[in-house]
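One structure below.
Computed from a predicted model, the values in this text were never measured in an experiment.
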Amino acid sequence: MKIQLKRIYDAAAQNDGYRVLIDGMWPRGIAKRDARIDAWYKTLAPSKALRQWFGHDRERWQAFRKAYLAELAEADTTALDELCEIARQQQLTLLFAAKDVERNHAVVLREYLQMRDGRLEKKR
């Protein structure tokens, strides 16, 4: 699987491949015509309650990660399968607005997709 993470505020690059915004809300200061996204999977974003509770507090990172993985386990399997398939075929770039590039929901979603892909491969 080829999955990279990138802030939506960073310039799009030719090697980004398929660009997917994974935030629940449209990022401030970005015009939709300028975003250069291929899809918006807002259903895969953390719940509003979880996002607000986390508040990008580094002390809450592990608890956030665990709770978001639990949410993803209950998420739309069609969307997850689509992203796995895209990442198998080409570069997939998960776009997010968070300032912290090491502790955000995109990191967890990439981890989840990689685990999910491993399980799917074993079933084949």
Side-chain angles (χ1 to χ4, degrees):
M1 293 185 85
K2 301 172 214 137
I3 304 174
Q4 73 175 341
L5 308 179
K6 193 171 192 179
R7 291 191 74 223
I8 187 75
Y9 300 103
D10 296 338
Q14 191 169 0
N15 66 347
D16 283 349
Y18 196 80
R19 293 169 49 90
V20 177
L21 178 62
I22 56 167
D23 284 358
M25 301 181 310
W26 190 261
R28 292 180 186 171
I30 299 287
K32 289 185 180 180
R33 69 181 181 281
D34 298 333
R36 296 193 46 203
I37 65 168
D38 295 298
W40 184 10
Y41 282 73
K42 55 183 149 186
T43 60
L44 296 180
S47 66
K48 181 179 180 181
L50 180 59
R51 181 178 50 81
Q52 288 177 337
W53 171 82
F54 175 44
H56 298 283
D57 180 343
R58 289 177 174 244
E59 298 294 319
R60 294 181 176 177
W61 168 246
Q62 288 303 326
F64 169 80
R65 182 184 161 279
K66 184 177 179 180
Y68 183 41
L69 285 170
E71 286 186 359
L72 288 170
E74 302 296 321
D76 178 9
T77 58
T78 302
L80 293 166
D81 289 343
E82 287 172 2
L83 290 180
C84 283
E85 187 60 33
I86 291 165
R88 279 189 219 108
Q89 295 177 11
Q90 63 178 304
Q91 179 68 52
L92 172 64
T93 299
L94 301 178
L95 300 166
F96 60 95
K99 291 179 183 176
D100 188 337
V101 297
E102 295 175 2
R103 292 171 195 85
N104 64 67
H105 68 289
V107 172
V108 180
L109 179 56
R110 176 176 58 186
E111 175 186 353
Y112 187 83
L113 291 172
Q114 290 169 334
M115 288 187 306
R116 182 178 181 80
D117 187 59
R119 288 191 303 265
L120 292 175
E121 288 296 320
K122 289 177 185 177
K123 288 181 181 180
R124 290 181 183 178

Common cluster, Ile3/Leu109, ILVMFWY with side-chain heavy-atom separation under 4.5 Å:
yes
Leu50 to Ala67 - nearest heavy-atom pair and separation:
CD1-CB, 3.7 Å
The reported gap from CZ in Arg103 to CH2 in Trp61 (rounded to nearest 0.5 angstrom) is 8.0 Å
Do Trp53 and Leu72 sit in one hydrophobic cluster, given that two such residues count as connected whenever their side-chain heavy atoms are within less than 4.5 Å of each other, even indirectly?
yes
Taking all non-hydrogen atoms of both residues into account, name the closest pair between Arg88 and Met1 and its distance.
CG-CG, 4.5 Å
When every non-hydrogen atom of Pro27 is compared with those of Tyr9, the smallest separation belongs to CB-OH, 3.5 Å
Show the numbers, then the answer: is there a side-chain contact (heavy atoms from CB on, under 4.5 Å) between Leu83 and Tyr41?
CA-CA 9 Å; Leu83 290 180; Tyr41 282 73; 3.9 Å; yes
Restricting to non-hydrogen atoms, name the atom on Trp40 and the atom on Lys32 that form the minimum distance, rounded to 0.1 Å.
CZ3-NZ, 4.3 Å
May I have the step-by-step check of side-chain contact (heavy atoms from CB on, under 4.5 Å) for Thr93 and Leu5, ending in yes or no?
CA-CA 6 Å; Thr93 299; Leu5 308 179; over 6 Å; no
Show every ring-ring contact (aromatic ring centres under 6.0 Å, His included) that has at least one partner inside residues 67-97, sequence neighbours left out.
Phe64-Tyr68
Quick one: does any side-chain atom of Arg7 pair with a main-chain N or O of Ala97 as donor and acceptor, under 3.5 Å?
yes
Ion pair check, Lys42 and Asp23, cut-off under 4.0 Å:
no
Kindly determine whether Lys2 and Gln89 satisfy side-chain contact (heavy atoms from CB on, under 4.5 Å), including the steps that lead there.
CA-CA 8 Å; Lys2 301 172 214 137; Gln89 295 177 11; over 6 Å; no
Answer yes or no: does atom CD of Gln90 have more than 12 heavy-atom neighbours from other residues, nucleotides or ligands under 6.0 Å?
yes
What is the minimum heavy-atom distance between Asp38 and Gly17, and which atoms define it?
OD2-O, 3.7 Å
Any non-hydrogen side-chain atom of Arg116 less than 4.5 Å from a side-chain atom of Thr77?
yes
Give a yes or no answer on whether the side chain of Arg19 reaches the backbone of Arg36 with a donor-acceptor pair at less than 3.5 Å.
yes
Treating Ile, Leu, Val, Met, Phe, Trp and Tyr as nodes and any side-chain heavy-atom pair under 4.5 angstrom as an edge, say whether Leu69 and Leu44 lie in one connected cluster.
yes
What about Val107 and Leu21, same hydrophobic cluster or not, with Ile/Leu/Val/Met/Phe/Trp/Tyr joined at side-chain heavy-atom distances under 4.5 Å?
no
Within 6.0 angstrom of Glu59 CD, more than 12 heavy atoms from elsewhere:
no
For Gln91 and Tyr18: C-alpha separation, side-chain torsions, deciding distance, then whether side-chain contact (heavy atoms from CB on, under 4.5 Å) applies.
CA-CA 6 Å; Gln91 179 68 52; Tyr18 196 80; over 6 Å; no
Are Ile86 and Leu113 linked, directly or through intermediate hydrophobic residues, by side-chain heavy-atom contacts shorter than 4.5 Å (ILVMFWY only)?
yes
Is the backbone of Asp100 close enough, under 3.5 Å, to the side chain of Asn104 for a donor and an acceptor to pair up by distance?
yes
Using modelled atom types and a 3.5 Å cut-off, is there a donor and acceptor pairing between side-chain atoms of Lys6 and backbone atoms of Asp16?
no
Is there a donor-acceptor contact under 3.5 Å from the side chain of Glu71 to the main chain of Ser47?
yes
Treating Asp76 as the side-chain partner and Thr78 as the backbone partner, does any N or O pair qualify as donor plus acceptor under 3.5 Å?
yes
Got a donor-acceptor contact below 3.5 angstrom from the His105 side chain to the Ile22 backbone?
yes
Compare every heavy atom of Tyr112 with every heavy atom of Ala73, then report the nearest pair and how far apart it is.
CA-OH, 3.3 Å
